[in-house]
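Below you'll find the structure, written out as structure tokens, and then a few comments.
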Amino acid sequence: MTLPAPLAVVLAEIGARFPHLADDPVLAQSLFENVTSMVADAHARYAGDGPPAIVSDRYLDPEHLATGALHAEHAQHPAGAMLAAEMLFDAYLPVFVDEVGARTPAEVLRAARALHAGVWSRFPAGAIAYTEALRQRVTTANLDARTQLARDLHDRVAHGVLAGLQRLDLVLLTDPPAPDRTEQLEAAGRLLRAALTDVQDLAVSLHARVGDDRLDDALRRHVDDLFPGDDLLTITTTGVVGTLPNWKAEEALTILLEALTNRRKRAPGSTATVTFAWSPGTVVVTVRDDGPGFTPGGDAEGRLGQRTMRERAGVLGARLDVESAPGAGTTVRLTVPRGSL
């Protein structure tokens, strides 16, 4: 496609200002297509009935989202595209006014608004796609790091603790010490077994992956691994089930697994339910047990666990409520906004 001479001049000026765009064939082609599309959109808006909108209502147009993803792939910050658009608007406005034959002040204003809308309509979607692409990279890197840490915990730390336990058991069986030493060694063994369980649970939690599953199905899968044969734990789902963006689902799954691990530590043998309540705007997950409960803000371990869960909920823009009292069981309620990103 051959550009009109004035538009070709503007493109050349943009290329000179941003040589990385002009030198990369893919980005240069994207720039060409976007500029011609912007101008065509502006003409359509000017020719349409009624005043053209100053901003676009097509923030999530798939074509514009694809452009933002392309810029992220090439590490091109959307601010650069914004500067290029400002150059286009400033240089091309007089040309556009002549092209549409605007003469009166009202027509010139209409032309300016049409061109502005044609240009601006690309940037909300582009910036959103760029941000989402970067967030996916961070999420992938985080999950990969967690997987590696989980592997090290399982293959190195857990195996080391298990080897220590086996040596303790061997000493107790083959060379029984004095009774007071036996009691001390058995106590040490109990501590090591508890530590081994914690390490194994942590490894499973760090390795938690939702993948292509729904959040509730992913939780069921991990519960089978963490708490095999736990007939006192049930998971139910209400509402029209949907999906969460993967990064949200991963964080939510980690919070829920922590809540269930706390239940095993603090309320072993208690009956527990996990309820997923789906609505168009949120998913509310309630973890409730009938265990002994506790005083909120009590021991340091409990405060640390809750703080970690709250920090993860904050990343999600979610709300975490913990209700408990001695003798009244514990309820953990996680409210996650579904959103599209």
Given Thr238, Val284, Leu219, the one that forms side-chain contact (heavy atoms from CB on, under 4.5 Å) with Phe276: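 The side-chain contact (heavy atoms from CB on, under 4.5 Å) with Phe276 is passed solely by Leu219 among Thr238, Val284, Leu219.
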The side-chain contact (heavy atoms from CB on, under 4.5 Å) partner of Val274 among Val223, Asp216, Leu260, Val332 is Leu260
Set of ring-ring contact (aromatic ring centres under 6.0 Å, His included) partners for Phe89, sequence neighbours left out: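 Not a single residue meets the ring-ring contact (aromatic ring centres under 6.0 Å, His included) criterion with Phe89.
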Under 3.5 Å, is there a donor-acceptor pair between the Thr282 and Arg319 side chains? no
Tell me, with the steps shown, if Thr271 and Asp289 meet side-chain contact (heavy atoms from CB on, under 4.5 Å). CA-CA 6 Å; Thr271 299; Asp289 69 61; over 6 Å; no
Looking at [X] and [Y], what are the two nearest heavy atoms and their distance?
| X | Y | value |
| --- | --- | --- |
| Leu215 | Ala249 | CD1-O, 3.6 Å |
| Ala252 | Leu316 | N-CD1, 3.9 Å |
| Asp213 | Arg221 | OD2-NH2, 2.9 Å |
| Ala112 | Leu93 | CA-CD1, 3.8 Å |
| Thr237 | Arg220 | OG1-NH2, 3.3 Å |
| Ala267 | Pro292 | CB-CD, 3.7 Å |

Using a 4.5 Å cut-off on heavy atoms from C-beta on, say whether the side chain of [Y] contacts that of [X].
| X | Y | value |
| --- | --- | --- |
| Arg263 | Thr330 | no |
| Val241 | Arg214 | yes |
| Val287 | Glu258 | no |
| Lys248 | Thr243 | no |
| Val285 | Val336 | no |
| Leu320 | Arg312 | no |
| Tyr46 | Arg113 | no |

As a quick check of understanding, evaluate side-chain contact (heavy atoms from CB on, under 4.5 Å) for Met309 and Asn262, giving each step before the final call. CA-CA 11 Å; Met309 294 165 66; Asn262 287 342; 4.0 Å; yes
Please say yes or no: joined through hydrophobic side-chain contacts below 4.5 Å, possibly via intermediate residues, are Ile255 and Val315 part of one cluster?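 They do share one cluster, since a chain of ILVMFWY contacts under 4.5 Å joins Ile255 to Val315.
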Go through the steps to decide whether Arg110 and Thr104 satisfy the test side chain to side chain donor-acceptor pair (under 3.5 Å), and finish with yes or no. CA-CA 10 Å; Arg110 181 183 177 86; Thr104 67; over 6 Å; no
Tell me if a side-chain donor or acceptor on Arg338 pairs with a main-chain N or O of Pro245 at a distance below 3.5 Å. no
Is the side chain of Ser324 donor-acceptor paired with the backbone N or O of Phe294 at a distance under 3.5 Å, no angle test?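 Yes, because the side chain of Ser324 sits within donor-acceptor range (under 3.5 Å) of the backbone of Phe294.
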Any chance you could lay out the side-chain contact (heavy atoms from CB on, under 4.5 Å) test for Leu232 and Phe227, step after step, and finish with the verdict? CA-CA 10 Å; Leu232 299 178; Phe227 317 112; over 6 Å; no
Residues Arg310, Asp321: salt bridge by 4.0 Å N-O rule: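 Not counted as a salt bridge, because no side-chain N and carboxylate O are separated by less than 4.0 Å.
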Taking Glu323 first and then Arg333, would you say they form a salt bridge - that is, a charged N and a carboxylate O separated by under 4.0 Å?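 Here Glu323 pairs with Arg333 in a salt bridge, since their nearest N and O are under 4.0 Å apart.
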Tyr92 and Phe96 aromatic ring geometry - parallel, tilted or perpendicular at 30°/60° bounds: tilted
